[in-house]
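Taking it in order: structure first as structure tokens, then the write-up.
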Amino acid sequence: MAEYTKDEIKRIEEKWRKTWVEKEVYKVSNDTAKPKYYVLDMFPYPSGAGLHVGHPLGYIASDIVARFKRVKGFNVLHPMGFDAFGLPAEQYALEHGIHPAVSTADNINNFKRQLGNIGFSYDWSREVQTCDPTYYKWTQWIFLQIFDSWFNRKKEKAERISELIKIFESEGNKSHSIPNSKFDIQHFSASDWKGYSEKDQQRILMEYRLAYLAYTDVNWCEALGTVLANDEVINGVSYRGGFPVVKKQMRQWSLRITEYAERLLKGLDEIDFSDSMKEIQRNWIGKSVGALINFKLTIDNYQLTVFTTRPDTIFGVDFMVIAPEHELVKKITTVEQQGDIDAYLKYVESRSEVERMAEVKKITGAFTGAFAINPFNEKEIPIWISEYVLAGYGTGAIMAVPCGDERDHKFAKHFNLPITNIIGSHYNGEEANPTKEAILENSDFLNGMVMRDAIDVVATKLEEIGIGKRQVNYKMRDAGWSRQRYWGEPFPVVFKDDLPYAMKESELPLELPPSNNFKPSGNGEGPLANLTDWINFAPGLKHDSNTMPTHAGAAWYFLRYMDPHNPNAFADKKALDYWNQVDVYIGGSEHAVAHLLYARLWTKVLHDLGYLNFDEPFKKLINQGKITGESKFVYRLTTDTSANYLSLLGDKYDHINPTIFLSASIAEKIINKTAPQEIYNYITSEVVKINELFITKYPEAYFQVRIKEDFHIQKLHVDINLVENDQLDIARFKRWKPDFEFSEFILDNGVYYCTSAIEKMSKTYFNVVNPDEIINNYGADTLRMYEMFLGPLEQSKPWSTQGIDGVFKFLRRFWNLFHDNTGNLPAGQAGFKITDAEPTRDELKVLHKTLKKVEQDIENFSFNTSVSEFMICANELSSLKCNKRSILEPLVIALSPFAPHIAEELWSLLGHADTVLNASFPKYDEQYLIESTFSYPISINGKVRAQMEFALDVSKEEIEKSVLASEVVQKWTEGKTPKKVIVVIGKIVNVVL
RNA sequence: GCCCGGGUGGUGGAAUUGGUAGACACGCAGGACUUAAAAUCCUGUGGAUAGUAAUAUCUGUACGGGUUCAACUCCCGUCCCGGGUACCA
């Protein structure tokens, strides 16, 4: 009846979830005078595994914020959708023959069902799915906008290609150098441009486009038959599957994100991301400020350009190192050194990416025989090659300063090269010292200067005499945007004469052709290459056989939610202006580099092209911590029992596999080899007993379990549901797997103990906790509050149901405040009971204190403390036996973001016809919270010497205690009269003189 | 190696950002109700010493030092744990 019991909870929660859906209470309008608030979750990839308790953590937090902002009077956009393109669905199709579209739709339905049980306030009418053609039409459209853009470095923004053509027609490219300097045409005039063929013009424009097609070094994964992005490769192997990855040249689409490096970096200062998240992005962008220096070679007409961040060390250069792939290697190697160089190049060629990664510290290299000349002192410097210098960064060449750089130092020591010391005592001859604080020596005109200051002096000098210039480099590379996969967005281009042309808007979307062949073609082309009719769709015209990466759909989905069904634009300008930036974005930190950078990039390009009036998509980012699982383990004794004597039992007992499990403490002693002889004896005697047991059970068999001389023990994961307080439920364990049916157990004090370890939640570890299970036992409100109560949102924490009772008890206690069923009355008499009596000051104090703290905690995303605050509140009101409407009604509204179902039910019991969503969050009144102080004079030797400050609610006794303590003041002030003395219950805390 | 976080009772975690450390919850112990159990409610609960007791005193936020009337909080050094990154010149 009116008790907060399992059945009642189920009834309440189901009733309200149904009502919310029927009345469409979460439907959000774009057309309102209310201020907006945009709360966004990172939309999930709908995997087949379903939800575990870790998934909803961020969603619960965002839902609390959304509901809170709603009752605070905001028009709240809180949508949900699915990142539905991606590799796993395609892999699943390969293995099970189920089309990705089918498995994805199934998985989405399952996700929606599970999410629906938790009481989220999503406006499902705004749902987006990236694999829906009406959605990816606009992914393709935005891609074409990027394709039709170039980055004007002078204005630091993207512009239309047509603007670039105008510039080329009037002045050539003298003021807009080609971003990719490897191109064969470097400079051209207006008349050159006009003389070029259409094909050449297009090839030149391609060098400027923000989305461009080029032969690039890509991470080729033979096993997956596809190219991976840099961030999909971890330690030289694929992030999924761990397959080896090699470098390969392929014609790929890329996004020229490097042009935005500086803006992506600067933008970080304006947005509210955590320090670590900003740091990760900064490292990824990897800005370094330095200089390019040209060195003439002793051979005529050759020069070597290096990039360095330390031009101040120019007099400490003892040798040069260039990358093995450097173009000069072929040209400058002397006849005598040719053999060495060839051998080294062959060695480099033979090394796989994984080997290189693993042996980073290995020092290798070869001398070219050529020399460069130090422009400042004419010293001849030998030029070496080594794989520690990367072709892809800077100029692929460095000036080596062994006294200041660890790698250069090791190289010099290894090859016995001389080391010039330019930093005096800062160099000890054993280790390089990268300091910038040393005073330079052996450095000609720099002698006596602090290194830090010399950096700028040398840079200026280089520019003066024209042998170098200041230069900023970034580690970040352009983003590879082609995937050799089926389940992604096709590129909306048509190839004519091998050049890509944008499709017209009216021709979009270019739909993914139906196919059941998901095998990569193997030569680097994706499954679409198998559909030759689709690829060669008209004479002389072709489609691209690649598709876009998952990042494409995710790079702009937050914009589509604003106007999800618009057939004429990716979103209406009015909607974009109204909803603007995402106010809070909640999601996992694993998307720090890829997704967040691409979303920021697309936003910036769309902003530059005039579609958006903001250029950072997310105002604030919260990374919820991962919830890990607690795995449980059992220990199996590996014995000589084996199938050969079991077979004597005949077919009937074929499945019997007698095994022996040891309780944890015993097993661990044996594993750690610390078991005393008694334990071995004990086990042996137990095994004898077990043998007897088997023999009695199966008299027709005369077998024996023999133990190997050295006990061998296996640690196995066991389903966490079979374990309670580390004790194994043996009966259920035997039923769990057929293999264990005939197991015997060696116990510890009559109990089988398991051990546990914190691991990520995964089906293979049998440690997954399903939220449906928790909801079934306690209800969704308890799940929501408990996940918040578990600890700070951003912190990773292991899941444990210890303590969930506490949260449940709170909700019941809260419920009981409204009901006259303190436990003594039989259920039939219990009922809703609320009075309109005037509240006391104590009750008001409890109310306003709670309102204030809860409001502040939500604003600070400190949900665990707000849950505590509610608990304190319920405890206090329940000991005050308060059942007054004026106190309880505001609390229902305050609680509604956390526990919407119970709040909704109480709200309706309180006589409101409308939903609690339309209520407004009560304002707290300062007059009940004033911790304001009153002054109390301190007399020392009969004279008033100071004022003491007390909080209003300090008791008389405490004041008296404090007065006594005030005598100590004299000692501190040494006769001076203090202006103010702050006292906290008996202790003087501050004296202001 | 480098760059960010972090280390508080038996456990998860609070602490107005320098002002009564351990809120709240779990667990544990004791009590009430009950034929009994469960549930519920009440009380206690960092450690140590003294006391029949209420209580008092000391000690205590990874370790060692420092600043301050006052340090979980700030500074220096050390040790652990988590995350990021890896020849980026």
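This structure is a prediction, so every number in the text was calculated from the model and none was measured. Lettering of chains follows the sequences in order, A, B, ..., and the numbering in each one begins at 1.
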Euclidean distance for [atom1], [N] against [M] (whole angstrom):
{"N": "A56(B)", "M": "U8(B)", "atom1": "C1'", "value": "26 Å"}
{"N": "C58(B)", "M": "C24(B)", "atom1": "P", "value": "26 Å"}
{"N": "C74(B)", "M": "G6(B)", "atom1": "P", "value": "9 Å"}
{"N": "U73(B)", "M": "A14(B)", "atom1": "C1'", "value": "14 Å"}
{"N": "A15(B)", "M": "A54(B)", "atom1": "C1'", "value": "29 Å"}
{"N": "C79(B)", "M": "G64(B)", "atom1": "C1'", "value": "11 Å"}
{"N": "U43(B)", "M": "U52(B)", "atom1": "P", "value": "27 Å"}
{"N": "C3(B)", "M": "U78(B)", "atom1": "P", "value": "13 Å"}

Salt-bridge criterion met for [X] and [Y] (N-O under 4.0 Å):
{"X": "Glu869(A)", "Y": "Lys849(A)", "value": "no"}
{"X": "Lys845(A)", "Y": "Glu876(A)", "value": "no"}
{"X": "Arg282(A)", "Y": "Asp269(A)", "value": "yes"}

Assess the pair Trp284(A) and Tyr474(A): is the distance between their ring centroids shorter than 6.0 Å?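 Here the rings of Tyr474(A) and Trp284(A) have centres that are no less than 6.0 Å from each other.
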What do you reckon, are the aromatic ring centroids of Phe789(A) and Phe863(A) less than 6.0 Å apart?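 No - the distance between ring centres of Phe789(A) and Phe863(A) does not fall below the 6.0 Å cut-off.
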Apply salt bridge (charged side-chain N to carboxylate O under 4.0 Å, His left out) to the pair Asp272(A) and Lys278(A), showing each step before the final yes or no. CA-CA 9 Å; Asp272(A) 187 2; Lys278(A) 287 187 180 183; over 6 Å; no
Taking only the side-chain heavy atoms of [X] (C-beta and beyond), determine which of [options] contains the nearest atom.
{"X": "Lys809(A)", "options": "A25(B), C26(B), U85(B)", "result": "C26(B)"}
{"X": "Glu279(A)", "options": "G12(B), C4(B), A23(B)", "result": "C4(B)"}
{"X": "Lys797(A)", "options": "G13(B), C87(B), A15(B)", "result": "G13(B)"}
{"X": "Thr309(A)", "options": "G84(B), A89(B), U85(B)", "result": "A89(B)"}
{"X": "Arg813(A)", "options": "A15(B), G84(B), C42(B)", "result": "C42(B)"}
{"X": "Arg812(A)", "options": "A15(B), C87(B), A39(B)", "result": "A39(B)"}

Gap between atoms [atom1] and [atom2], on [X] and [N] respectively (whole Å):
{"X": "Glu794(A)", "N": "G83(B)", "atom1": "CD", "atom2": "P", "answer": "16 Å"}
{"X": "Glu590(A)", "N": "U85(B)", "atom1": "CD", "atom2": "P", "answer": "12 Å"}
{"X": "Tyr786(A)", "N": "C26(B)", "atom1": "OH", "atom2": "P", "answer": "10 Å"}
{"X": "Glu406(A)", "N": "C87(B)", "atom1": "CD", "atom2": "P", "answer": "13 Å"}
{"X": "Met788(A)", "N": "C24(B)", "atom1": "CE", "atom2": "C1'", "answer": "16 Å"}
{"X": "Lys287(A)", "N": "A89(B)", "atom1": "NZ", "atom2": "P", "answer": "13 Å"}
{"X": "Asp857(A)", "N": "U17(B)", "atom1": "CG", "atom2": "P", "answer": "14 Å"}
{"X": "Ile280(A)", "N": "G5(B)", "atom1": "CD1", "atom2": "C1'", "answer": "10 Å"}

Polar contact flag, side-chain donor to acceptor under 3.5 angstrom, Asn473(A)-Ser288(A):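 Short answer, no.
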Any side-chain N or O of Ser796(A) under 4.0 Å from OP1/OP2 of G83(B)?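 For Ser796(A), the contact criterion (side-chain N or O under 4.0 Å from OP1 or OP2 of G83(B)) is not met.
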Are Tyr393(A) and A89(B) close enough that a side-chain N or O sits under 4.0 Å from OP1 or OP2?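 Yes, such a contact exists.
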Which is true for [X] with a 4.0 Å heavy-atom rule: it touches a base, it touches only sugar-phosphate, or it touches nothing?
{"X": "Asn864(A)", "result": "sugar-phosphate"}
{"X": "Asn875(A)", "result": "sugar-phosphate"}
{"X": "Val867(A)", "result": "nothing"}
{"X": "Lys278(A)", "result": "nothing"}
{"X": "Phe810(A)", "result": "nothing"}
{"X": "Gln795(A)", "result": "sugar-phosphate"}
{"X": "Ile872(A)", "result": "sugar-phosphate"}
{"X": "Pro792(A)", "result": "sugar-phosphate"}

Apply the side-chain contact (heavy atoms from CB on, under 4.5 Å) test between Ile385(A) and each candidate in Leu345(A), Val321(A), Leu328(A); give the one that qualifies.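 Only one of Leu345(A), Val321(A), Leu328(A) forms a side-chain contact (heavy atoms from CB on, under 4.5 Å) with Ile385(A), namely Leu345(A).
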With the 90 degree cut-off around zero defining syn, does U17(B) come out syn or anti?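 U17(B): syn.
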With syn defined as a glycosidic torsion within 90 degrees of 0 and anti otherwise, which applies to G9(B)?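 That one's syn.
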More 5' along RNA chain B: Gly791(A) or Ser878(A), using each one's nearest nucleotide?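 Its nearest nucleotide lies further toward 5', so the answer is Gly791(A).
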Closest nucleotide of RNA chain B for Gly803(A) versus for Lys626(A): which of these residues is on the 5' side?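 Here Gly803(A) is the residue nearer the 5' end.
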With a 3.5 Å cut-off and sequence neighbours excluded, list the donor-acceptor pairs that the side chains of residues 805-814 of chain A form with protein atoms.
residue	atom	partner	partner atom	Å
Asp805(A)	OD1	Tyr778(A)	OH	3.1
Arg813(A)	NE	Asn875(A)	OD1	3.4
Arg813(A)	NH1	Asn875(A)	OD1	2.5

For RNA chain B, which ranges pair as stems of 3 or more consecutive Watson-Crick or G-U pairs, with both donor-acceptor distances under 3.5 Å?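 In RNA chain B, stems of three or more pairs: B:1-7 with B:79-85, B:10-12 with B:24-26, B:27-32 with B:40-45, B:46-50 with B:55-59, B:62-66 with B:74-78.
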Measuring only between side-chain heavy atoms, which start at C-beta, is Ile872(A) closer than 4.5 Å to Thr850(A)?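 They are not in contact (no side-chain heavy atoms under 4.5 Å apart), so the answer is no.
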